[in-house]
Enquirer: 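One structure is given below, represented as structure tokens, and several questions about it will come after.
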Amino acid sequence: MTAVGIDAMEVWTGKLKLDLAETFAPQKGDDPGKYTKGLGLHASSFPDAYEDIVTMGANAAHRLMDRKGLEPEDIGRIDVATESAFDNSKPVSTYIAGCLEQVYDGDFHHANKGERKFACIAGTQSLDDAVNWILAGRNRGRGALVVATDTALYARDDAGEATQGAGAVAMYITEDPDLVELSTEQGYGSADETDFLKPNQQFPSVDGKRSIQVYLARMREALEDFESVSGKSHPDDYEYIPFHTPYPGMVRKAAVLGYRHMIRDTEIEAELADQIGTQPRREDFDSAEAFEQAIRDYMDELKNTEAYREWYADTIEPTLDISSHVGNWYTGSVHIARMSALRHAVENDVDLAGKRMLVASYGSGAQAEIHAETVQPGFEEEVLASNIDEQIDARYDLSWSEYEQVHDRHNHEKSVELEPFTQPDSEFVFDGWGPMNERKYTYVE
Ligand code: COA
């Protein structure tokens with residue numbers, strides 16, 4: 001079967017930074033360790049006054065097209081995934097195409113454009129749609145542009161305020177890709193849940209503690225569903241496991257559950273039995289509560305074993321680095337986890353070509369999806385072309401009062417003018433409102 005997957009990927013972070021330990025924690029009267037250790041976050045990215053989901057998405061896409069030498073006619077589909085859309089009718093993909101048409105001679109008049117919504121999993125769903133379109137043979141030799149772009153803002157003083165972020169990921173999906181091939185096997189865990197939602201409101205209603213339980217339950221279902229088509233997973237099968245990362249602490253919880261599941265009835269469980277016993281089995285307990293308590297006790301011991309710590313350090317930790325410096329990018333989050341893993345491989349000379357990753361996406365509301373990806377020989381060149389580290393380092397470090405102004409500036413219910421903190425350079429910028437309340441954009445040389 002034809003290999004289809006991600007040929008290239010570019011990332012665009014919001015240009016401002018809020019340092020959680022230095023700036024956020026003191027204002028909240030919290031120990032910085034709550035953020036850096038508990039949540040696993042050092043900083044959040046924010047958009048400058050002239051940035052929004054369109055500029056970040058268009059800038060990531062422009063960088064990608066320039067680097068790969070693509071013209072509009074090479075692109076047969078533009079799908080944007082977002083949960084920060086500002087229009088219930090006109091999709092963000094049309095705005096992004098309009099931006100790109102300002103700088104290319106051709107146009108996207110024959111590209112199918114859309115917008116996907118299912119909280120943070122919509123980026124992966126758009127990727128999936130693009131892969132299916134190519135596998136169905138409907139692409140006429142063209143590739144698909146998938147853009148995941150979000151400004152993840154919470155109401156001031158909401159518990160989620162610590163897990164904000166802003167940025168975009170652009171991916172080009174083709175046959176014979178340079179970065180990763182996607183497996184056709186995939187598993188779903190999906191149920192009607194109310195853990196996080198935005199019923200016609202900009203800032204989410206979140207039950208943060210519940211969202212942890214729902215995330216873990218849906219991930220577990222998705223893994224079982226994936227295994228029903230791919231066969232049982234073993235920890236050694238995957239070099240990295242990028243998860244949707246609303247904050248790294250969530251992934252820490254999911255990782256130990258996943259490991260416990262994967263080692264069940266394997267030589268690893270047997271080898272660990274001397275230290276921590278074997279895993280509790282439901283049939284050995286009179287009640288569900290007693291069984292669940294035994295599982296929690298087993299996992300507490302499991303996460304302190306050397307076997308688990310080594311696996312976590314090699315397979316999970318490397319996926320969290322970018323996220324820990326930029327915060328939650330909602331639809332882009334699992335995709336920066338993948339990028340983080342690939343970058344780690346390049347920096348540490350891990351020979352990843354031909355090896356597999358397991359990619360675990362999640363969206364509140366709620367659905368998890370799991371598929372495998374095979375890393376392609378061109379991955380190193382692709383990773384080296386990314387300038388994400390320079391972008392992260394170049395962000396303007398906000399003071400507390402500046403952060404408050406930026407939050408107000410991007411609050412749809414306020415209309416606050418704000419002098420930018422940074423200077424746009426060869427990029428798309430928000431340029432005010434048109435007569436039908438549409439947003440306008442220009443390219444600044
Ligand atoms: N040092 C180290 N760790 C600390 C600490 C310290 N000084 N203080 C607290 N912590 C730990 C806590 O033990 C906790 O870890 P645990 O969950 O492993 O026990 C973690 O830091 C967070 O502390 P907590 O008191 O639970 O924080 P909170 O009540 O402010 O809420 C969230 C945290 C994540 C629930 C909240 O930020 C939120 O709702 N975020 C949005 C979640 C979201 O986006 N969900 C949907 C997408 S999947």
Side-chain angles (χ1 to χ4, degrees), residues 18 20-22 24-45 81-84 117-124 148 150-167 189-191 193-199 201-222 242-257 296 299-300 302-304 312 316 319-320 323-324 326-337 360-370:
L18 177 66
L20 292 172
E22 299 286 324
F24 189 79
Q27 289 292 331
K28 299 285 166 185
D30 284 332
D31 178 343
K34 171 174 174 182
Y35 304 104
T36 54
K37 297 199 179 77
L39 297 179
L41 285 171
H42 297 284
S44 315
S45 284
T82 185
E83 49 186 304
S84 325
K117 177 183 70 184
F118 194 150
C120 305
I121 202 174
T124 298
D150 271 298
T151 298
L153 288 185
Y154 290 74
R156 296 291 312 283
D157 296 327
D158 186 288
E161 195 181 2
T163 62
Q164 299 179 111
S190 190
E193 300 277 7
T194 38
D195 52 332
F196 171 114
L197 55 160
K198 297 184 180 179
Q201 62 196 45
Q202 182 188 4
F203 302 135
S205 303
V206 198
D207 183 342
K209 305 288 182 216
R210 169 124 190 86
S211 80
I212 298 173
Q213 298 315 319
V214 177
Y215 180 111
L216 298 178
R218 303 286 79 82
M219 277 294 180
R220 178 206 174 105
E221 265 179 9
F243 277 91
H244 167 56
T245 312
Y247 51 94
M250 178 79 98
V251 174
R252 249 186 345 244
K253 294 179 203 294
V256 67
L257 272 180
R296 279 196 290 276
M299 288 204 301
D300 280 345
L302 179 63
K303 51 184 187 214
N304 290 321
Y312 184 86
I316 307 293
T319 69
L320 304 176
S323 172
S324 73
V326 301
N328 192 358
W329 285 12
Y330 288 163
T331 54
S333 157
V334 66
H335 306 291
I336 53 177
S361 304
Y362 173 80
S364 293
Q367 181 161 302
E369 187 266 0
I370 290 182

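In what follows, every heavy atom counts, from backbone to side chain, and hydrogens, waters and symmetry copies are set aside. Counting convention: from 1, in listed order, for ligands and their atoms alike.
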Enquirer: Taking atom CZ as the centre, does Arg252 end up with more than 12 heavy-atom neighbours from other residues, nucleotides or ligands that are less than 6.0 angstrom away?
Expert: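 Correct, the count exceeds 12.
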Enquirer: Near Gly33, which atoms of ligand 1 are under 4.0 Å from a heavy atom of that residue?
Expert: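 Answer for ligand 1: 1 (N), 2 (C), 3 (N), 6 (C), 7 (N).
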Enquirer: Between Pro199 and Leu197, what is the shortest heavy-atom contact and its length?
Expert: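 Nearest heavy atoms, Pro199 then Leu197: CD-C, 3.5 Å.
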Enquirer: Check Glu161 against ligand 1 and report side chain, backbone, both or neither, counting heavy atoms closer than 4.0 Å.
Expert: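 The answer is neither.
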Enquirer: I'd like to check Tyr35 versus Lys28 (side-chain heavy atoms, cut-off strictly below 4.5 Å). Are they in contact?
Expert: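 Contact flag for Tyr35/Lys28 side chains = yes.
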Enquirer: Using heavy-atom distances, let me know which of Tyr215, Tyr330, Phe196, Tyr154 sits nearest atom 44 (O) of ligand 1.
Expert: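 The nearest heavy atom belongs to Tyr154.
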Enquirer: Of the listed options (Ala152, Gly38, Ala366), which comes nearest to atom 15 (O) of ligand 1 when hydrogens are ignored and any heavy atom counts?
Expert: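 Answer by nearest heavy atom: Gly38.
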Enquirer: Do the side chain of Ser333 and the main chain of His244 share a donor and acceptor less than 3.5 angstrom apart?
Expert: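 Side chain of Ser333 to backbone of His244, a donor-acceptor pair under 3.5 Å: no, none is there.
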Enquirer: Under 4.0 Å from a heavy atom of Leu39: give me the atoms of ligand 1 that qualify, with their elements.
Expert: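 Those atoms are 22 (C), 34 (C).
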Enquirer: Less than 3.5 Å between some nitrogen or oxygen of His244 and one of ligand 1, yes or no?
Expert: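 It does not: no N or O of His244 is found under 3.5 Å from an N or O of ligand 1.
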Enquirer: Angle class for the Tyr362/Tyr215 ring planes (parallel below 30°, perpendicular above 60°, tilted otherwise)?
Expert: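 Ring orientation, 0 to 90° scale: tilted.
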Enquirer: Polar contacts were defined as any N/O atom of the residue lying under 3.5 Å from an N/O atom of the ligand; does this apply to Lys34 and ligand 1?
Expert: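 Right, the criterion is met.
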Enquirer: Do Val206 and Tyr154 touch side chain to side chain, with heavy atoms closer than 4.5 Å?
Expert: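 Yes, their side chains come closer than 4.5 Å.
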Enquirer: For Arg252, state whether at least one heavy atom is located under 4.0 Å from any atom of ligand 1.
Expert: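 No; Arg252 lies far enough from ligand 1 that no heavy-atom distance drops under 4.0 Å.
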Enquirer: Report the part of Ala162 (side chain from C-beta onward, or backbone N, CA, C, O) that has a heavy atom under 4.0 Å from ligand 1; answer both or neither where that applies.
Expert: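 It is neither; nothing of Ala162 touches ligand 1.
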Enquirer: Please could you name the atoms of ligand 1 that Ser364 approaches to less than 4.0 Å, counting only its heavy atoms?
Expert: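 Those qualifying, in numeric order: 46 (C), 47 (C).
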Enquirer: For the pair Glu221 (side chain) and Ser190 (backbone), establish whether a donor and an acceptor sit closer than 3.5 Å, ignoring hydrogens and angles.
Expert: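 Judged by distance alone, yes, a pair lies under 3.5 Å.
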Enquirer: Is the shortest N/O to N/O distance between Tyr362 and ligand 1 below 3.5 Å?
Expert: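 Min N/O separation from ligand 1 is not below 3.5 Å for Tyr362.
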